[in-house]
Asks: 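Here it is, the structure in full.
In what follows, chains carry the letters A, B, and so on, assigned in the order in which the sequence lines appear, proteins first and then strands, with residues in each chain numbered from 1.
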Amino acid sequence: MLRIHASFSAIIALFASAPAALASRPRIASAECPAHPCVIMGAHAQHIVPMAAATPSRPRTGAEIRAAFLDFYEQRGHQRVASASLVPEDPTVLLTIAGMLPFKPVFLGQAPRPAPRATSSQKCIRTNDIENVGRTARHHTFFEMLGNFSFGDYFKSEAIQWAWELSTVVFGLDPRNLVVSVFREDDEAAAIWRDGVGVNPKRIVRMDEADNFWASGPTGPCGPCSEIYYDFKPELGDDGIDLEDDSRFIEFYNLVFMQYNRDAGGALTPLANRNIDTGMGLERMAQILQAVPNNYETDLIYPLIETAAALASVDYRALEGQGQTSLKVIADHSRAITQLIGDGVTASNLGRGYILRRLLRRVVRHGRRLGIDKPFLTAMGEAAITLMAEAFPQLLARREVILAELEREEARFLETLERGEKLLAEVLAARPSQISGAQAFELYDTYGFPLELTEEIAQEHGLSVDLAGFEAAMDAQRQRAKAAAVSLDLTVQDAIAQVVAEHEATEFRGYAQLEHPCCVLALVVNGEPAPAAVAGDAVQLVLDTTPFYGEGGGQVGDRGLLSGTAADGAEELLVTIDAVSRNRSVFVHSGRLERGRLAVGDLLLAQVDRACRRRAQANHTATHLLQAALKQVVDPAIGQAGSLVDFDRLRFDFHCPRAVSPSELDQIETLINGWIAEAHELAVEEMEIERAKAAGAVAMFGEKYAEVVRVVDVPGVSMELCGGTHVANTAEIGLFKIVSETGVAAGIRRIEAVAGPAVLAYLNERDAVVRALGDRFKAQPGEIVERVAALQEELKGTQKALAAARGELALAKAAALAAGAESLGAFQLLVARLDGVEGAGLQSAAQGLQEQLGAGAAVVLGGQPDAADAGKVVLVAAFGSDVIAAGAKAGAFIGGIAKLCGGGGGGRPNLAQAGGRDAAALDGALAAAAQELQGLLAAD
RNA sequence: GGGGAAUUAGCUCAGCUGGUAGAGCGCUGCAAUCGCACUGCAGAGGUCAGGGGUUCGAGUCCCCUAUUCUCCA
């Protein structure tokens with residue numbers, strides 16, 4: 001719990017700071033560029049054409065630019081790396097926000113380099129500038145970042161020369177249209193540009209730290225950057241160049257020279273291994289080479305604008321600014337949401353799921369703004385898949401999933417809108433002079449109804465919305481969330497992280513052996529790194545090699561023992577291990593030193609608890625069978641969303657838009673138990689990932705796998721990539737039983753089940769319940785349901801009969817009382833005691849009497865409803881319409897009377913009820929009631 | 001992770017500051033019809049999500065749990 005929370009705060013912290021930390025580098029696709037030098041298309045095209053009037057071999061389309069970039073660097077020894085998922089491996093960020101993110105562990109020295117040099121076109125998503133999308137020429141949520149990387153290999157000179165060569169020769173940009181920037185103090189880079197490349201010194205601009213110095217955080221690797229800008233107005237000359245002038249310059253290539261390490265004190269020390277990290281916005285280069293006024297009109301995005309325009313029956317060119325913006329937003333976001341779902345994100349109210357939902361709803365809103373009045377997201381999704389399928393073929397494989405998710409989410413949002421419109425109509429029905437900020441915020445915050453729609457509808461009614469009030473409420477909400485973010489003690493976590501960082505991957509022997517000698521490499525005692533521990537200490541150990549399975553892939557870590565003789569030979573030592581986790585590839589064994597002394601360097605014998613391991617294995621293999629059965633029975637497209645394999649149960653979460661029916665669950669159970677009975681021999685094999693995928697092995701979506709993967713094969717039934725431990729033969733599972741099927745989030749269902757020995761424990765528990773019920777109901781197990789149903793029926797009947805009898809009794813008693821009514825002028829007074837009738841009965845009795853006696857009747861009844869509760873009294877007053885006209889109100893009247901009995905009461909003028917706790921005072925109270933009524937009515 | 005909201009008849013929902021649980025649709029029966037649709041009349045159908053608390057009294061107020069929606073991080 002603590003760990004989860006701690007890491008989540010870290011995500012929030014880093015997510016919040018990441019864009020800022022990265023801001024100094026790729027301003028590409030994030031920087032604003034509002035004005036364009038040429039408003040008129042034709043003139044603009046003419047302006048660009050002389051430079052871009054390319055020889056046929058020059059890249060022009062987005063695909064050509066991407067290919068040219070990757071080819072160029074591949075020819076220069078770079079390994080071509082496919083774009084990583086938008087869902088990063090790095091748990092500290094929600095989405096892949098920059099081209100270098102997949103390589104961040106390499107740059108930070110936390111992971112081995114895949115090659116000395118690499119190049120990629122990385123898909124990215126950023127939402128921090130979402131309000132600017134569609135309004136400026138080049139803000140995007142989804143974009144591609146071309147990059148070339150050096151991991152301790154080449155450095156500044158090559159990076160600069162190649163960047164120049166690529167820009168001028170391959171892309172054919174005229175050197176007279178280019179300007180470069182360097183960090184103020186980076187004389188080395190400036191010299192290379194000037195002497196090595198031959199750039200006019202006047203066109204080398206020195207920039208401050210804010211613009212041209214990159215760091216991934218307050219400490220760690222950092223270094224100066226150098227950027228290449230495209231100059232749309234070279235005729236203005238080389239003097240007084242201001243790169244901040246967006247109307248003249250656009251930055252398209254950023255080179256980061258990672259050459260320092262910054263320590264906590266802020267001091268810079270040179271890095272032993274210097275790195276290169278670069279980024280070129282694909283959409284920007286496309287804009288330059290295609291000579292269009294903004295990124296949206298490049299072939300990477302424009303087809304989606306056309307699709308949206310056709311759906312809205314509008315003409316992009318003929319539209320005013322607002323309409324064009326809507327089309328741009330739809331086009332931009334359509335790429336983003338298609339890619340997000342393609343990478344396994346599903347819409348939700350948390351994390352990246354929430355980002356997806358927000359983008360998706362913005363598309364719908366802009367669609368409505370353009371007049372699209374029917375669902376259209378699947379049409380946009382299809383167009384986006386078609387547009388991007390060549391560069392991202394996996395979109396085709398995920399087509400059905402993407403379209404289904406879009407359809408579902410759009411329908412859900414339309415429901416939300418409908419509900420909001422209804423609520424807003426209620427607000428408007430009250431004919432307010434203005435929609436208050438609080439009302440608008442409630443619609444937005446609680447019901448998800450967009451502010452702009454509230455404004456729009458209010459406007460139709462000639463009303464305004466208190467926007468300042470809305471903002472104030474919004475701020476208050478943010479403050480609440482911030483204030484509630486508690487910081488937790490992370491010291492334990494830190495000690496472990498520190499220890500883990502100092503060690504190599506632990507060698508895992510537990511697939512084949514359950515016992516193995518090992519050496520203690522590091523020790524954490526009660527949360528602090530320590531050289532030794534004494535009996536009773538809570539210890540965490542890092543070993544050189546281990547047979548213990550470390551928690552991972554959903555499977556719980558092994559339990560067991562470490563035993564041996566302490567280094568000094570004095571005493572036997574014993575450690576019980578109750579949890580094993582994996583931190584990167586280092587296994588951390590947590591437990592307790594039961595006996596003896598333990599020190600770093602000790603040689604121990606590690607023994608896994610075989611019974612526990614067997615149970616975990618049965619549950620794990622059963623989980624694989626469950627996934628296979630789900631695919632067979634429910635839907636072949638079902639994908640895993642998470643899983644837990646414990647010793648005594650298993651849990652499997654999967655993507656599925658509806659509940660799995662009871663009959664399907666039966667089928668699944670039968671199928672799995674059939675496979676168990678067939679005694680399939682498992683085959684576990686390591687192979688290359690491509691071969692495994694070709695063989696049809698099921699991989700967890702969005703998961704990153706190494707080159708060589710472990711494939712667990714139940715021949716003919718299931719084949720999955722899995723690092724967990726499994727039974728050798730399905731027969732070892734014994735039995736499989738589904739315990740429950742529930743929903744965990746929109747679109748995700750959860751099945752909990754038991755397998756192996758755990759089934760017996762589960763069944764025993766159930767059996768005990770059934771037997772206890774059988775005893776109680778005097779029925780055989782098979783008859784219990786019937787018996788309970790019959791009893792319920794009987795109970796219901798009895799209750800009805802009782803209520804009827806009570807009513808009759810009350811009426812009978814009341815009828816006898818009617819004779820005791822006392823006339824007072826035109827009025828009939830009846831005050832009487834009626835015991836043994838509970839509240840509702842007394843009420844109907846009083847009302848019956850009042851109706852019987854007429855409009856001038858005032859009836860007051862009081863009594864003890866329950867002989868068992870001696871103190872409790874109930875009072876009822878029923879006044880006819882003439883009595884009320886005379887100024888008597890049953891509610892107020894009965895309240896006063898009830899006070900005499902130590903209670904209170906109230907009701908409406910014609911009928912009221914009250915109660916009290918002092919039965920002894922009842923008769924007195926009734927007498928007082930009679931007297932008071934006489935006074936009230938006589939005075940009239 | 002933190003807020004807000006919803007959960008009432010088979011369905012869609014109303015139920016105001018605590019005081020006898022309602023509507024529309026659907027269902028059943030009767031009338032009318034050769035029969036159906038329509039119509040009219042009558043009726044059945046509710047542990048007010050579950051559990052605690054406050055109160056003489058809780059669908060209504062408070063707390064907890066579950067499920068769903070929603071906003072913020």
Asks: Should U39(B) form a Watson-Crick or G-U wobble pair with both distances under 3.5 Å, which nucleotide is its partner?
Replies: A31(B)
Asks: If you round to the nearest 0.5 Å, how far is OH of Tyr447(A) from CG of Leu424(A)?
Replies: 12.5 Å
Asks: Gly915(A) near the nucleic acid: base, sugar-phosphate alone, or nothing, with a heavy-atom cut-off under 4.0 Å?
Replies: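 Here Gly915(A) touches the bases of the nucleic acid.
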Asks: Given C56(B), U70(B), C69(B), identify the nucleotide with an atom nearest to the side chain of Arg412(A).
Replies: C69(B)
Asks: Return the value, rounded to whole Å, for the distance between atom CZ of Arg908(A) and atom C1' of G18(B).
Replies: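 Distance, rounded to whole Å: 12 Å.
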Asks: With a 3.5 angstrom cut-off on both distances, give the Watson-Crick or G-U wobble partner of C56(B), or none if there isn't one.
Replies: G19(B)
Asks: Where do Ile435(A) and Ile457(A) land on the side chain to side chain contact (heavy atoms under 4.5 Å, CB included) test, with the steps shown first?
Replies: CA-CA 10 Å; Ile435(A) 305 283; Ile457(A) 295 171; over 6 Å; no
Asks: May I ask you to say what Gly906(A) touches in the nucleic acid, namely base, sugar-phosphate or nothing, with a heavy-atom cut-off under 4.0 Å?
Replies: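 It contacts base atoms.
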Asks: Between C1' on C69(B) and CG on Leu414(A), what's the gap in Å once rounded to a whole number?
Replies: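 Taking CG of Leu414(A) and C1' of C69(B), I get 15 Å after rounding.
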Asks: Quick one: side chain to side chain contact (heavy atoms under 4.5 Å, CB included) partners of Ile884(A), sequence neighbours excluded?
Replies: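 For Ile884(A), the residues satisfying side chain to side chain contact (heavy atoms under 4.5 Å, CB included) (neighbours in sequence not counted) are Phe879(A), Pro909(A), Asn910(A).
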Asks: In whole Å, what separates the C1' atom of A58(B) from that of C63(B)?
Replies: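 It comes out at 15 Å once rounded to the nearest Å.
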Asks: So Phe652(A) and Phe654(A), would you call those rings parallel, tilted or perpendicular, with 30° and 60° as cut-offs?
Replies: parallel
Asks: Among the candidates G57(B), C69(B), A5(B), find the nucleotide nearest to the side-chain atoms of Thr446(A).
Replies: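 Shortest atom-to-atom distance from the side chain points to A5(B).
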Asks: With a 3.5 Å limit on both atom pairs, tell me what C25(B) is paired to, counting Watson-Crick and G-U wobble, or say none.
Replies: G10(B)
Asks: Check whether any side-chain N or O of Arg478(A) sits under 4.0 Å from OP1 or OP2 of G3(B), and answer yes or no.
Replies: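 Negative; the distance criterion is not met.
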Asks: Would you kindly compare Lys422(A) and Arg361(A) by the position of their nearest RNA chain B nucleotide and give the one closer to the 5′ end?
Replies: Lys422(A)
Asks: What distance, rounded to whole Å, do you find between the two C1' atoms, one in A32(B) and one in A37(B)?
Replies: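 Between the two C1' atoms, the distance is 13 Å.
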Asks: By nearest atom, which of the nucleotides G57(B), U70(B), C71(B) is closest to the Thr416(A) side chain?
Replies: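 Nearest to the side-chain atoms of Thr416(A), counting from C-beta on, is U70(B).
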Asks: Could you tell me how far C48(B) sits from A21(B) if I compare only their C1' atoms? Round to whole Å.
Replies: 8 Å
Asks: How far, in whole Å, is U7(B) from U60(B) if one measures between their C1' atoms?
Replies: 14 Å
Asks: Is Arg412(A) salt-bridged to Glu415(A), going by a charged N under 4.0 Å from an acidic O?
Replies: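 Salt bridge absent between Arg412(A) and Glu415(A).
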Asks: Atom CD of Glu442(A) and atom C1' of A5(B): how far apart are they, to the nearest Å?
Replies: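 Distance, rounded to whole Å: 8 Å.
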Asks: Once you round it to whole Å, what is the distance between C1' of G57(B) and CG of Leu875(A)?
Replies: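 After rounding, the reported distance stands at 12 Å.
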Asks: For G46(B), give its Watson-Crick or G-U wobble partner with both distances under 3.5 Å, or none.
Replies: none
Asks: Please measure how far the P atom in U28(B) lies from the corresponding atom in C36(B), and state the result in whole Å.
Replies: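 The answer is 13 Å between these two P atoms.
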Asks: Is Ala914(A) touching bases, backbone alone, or none of the nucleic acid, heavy atoms closer than 4.0 Å?
Replies: base
Asks: Let me know the distance between CZ of Arg917(A) and P of G57(B), rounded to the nearest Å.
Replies: 6 Å
Asks: Please evaluate residues Ser436(A) and Asp466(A) with respect to the criterion side chain to side chain donor-acceptor pair (under 3.5 Å), reporting the C-alpha separation (whole Å), side-chain torsions for both, the decisive distance (0.1 Å), and the verdict.
Replies: CA-CA 5 Å; Ser436(A) 75; Asp466(A) 174 14; over 6 Å; no
Asks: Considering Watson-Crick and G-U wobble pairs with both distances under 3.5 Å, what does C69(B) pair with?
Replies: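 By the stated definition (distances under 3.5 Å), G4(B) pairs with C69(B).
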Asks: Could you measure the distance from the CZ atom of Phe470(A) to the OG1 atom of Thr454(A)? Nearest 0.5 Å is fine.
Replies: 7.5 Å
Asks: G3(B), A73(B), U70(B): which one has an atom nearest the side-chain heavy atoms of Arg358(A)?
Replies: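 When the side chain of Arg358(A) is considered, A73(B) is the closest of G3(B), A73(B), U70(B).
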Asks: Choose from C13(B), C56(B), G4(B) the nucleotide whose nearest atom is closest to any side-chain atom of Asp445(A).
Replies: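 Closest of the options to the side chain of Asp445(A): G4(B).
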Asks: Round to a whole Å and report the spacing from CG of Leu423(A) to C1' of C69(B).
Replies: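 Nearest whole value for this atom pair: 12 Å.
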Asks: Between atom CZ of Arg408(A) and atom CG of Leu377(A), what is the distance when rounded to the nearest 0.5 Å?
Replies: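 Going from CZ on Arg408(A) over to CG on Leu377(A), the span is 12.5 Å.
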Asks: Distance check needed: C69(B) P versus Arg408(A) CZ, whole Å only.
Replies: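 Nearest whole value for this atom pair: 12 Å.
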Asks: Between G2(B) and C64(B), how far apart are the P atoms? Round to whole Å, please.
Replies: 12 Å
Asks: Ignoring the backbone of Tyr447(A), work out which of G3(B), U70(B), A5(B) is nearest its side chain.
Replies: A5(B)
Asks: Heavy-atom nearest nucleotide on RNA chain B for Val874(A) versus Phe413(A): which residue maps closer to 5'?
Replies: Val874(A)
Asks: Out of C71(B), A73(B), A5(B), which nucleotide sits closest to the side chain of Gln477(A)?
Replies: C71(B)
Asks: Among C69(B), A73(B), G19(B), which nucleotide has an atom closest to any side-chain atom of Gln913(A)?
Replies: G19(B)
Asks: What interatomic distance, in whole Å, is found between P of C41(B) and the corresponding atom of G50(B)?
Replies: 35 Å
Asks: Suppose you measure atom C1' in A9(B) against the same atom in G46(B); what distance do you get, rounded to whole Å?
Replies: 6 Å
Asks: Using whole Å, what does the distance between atom P of nucleotide C71(B) and atom CZ of Phe449(A) come to?
Replies: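 Distance check: Phe449(A) CZ to C71(B) P gives 12 Å.
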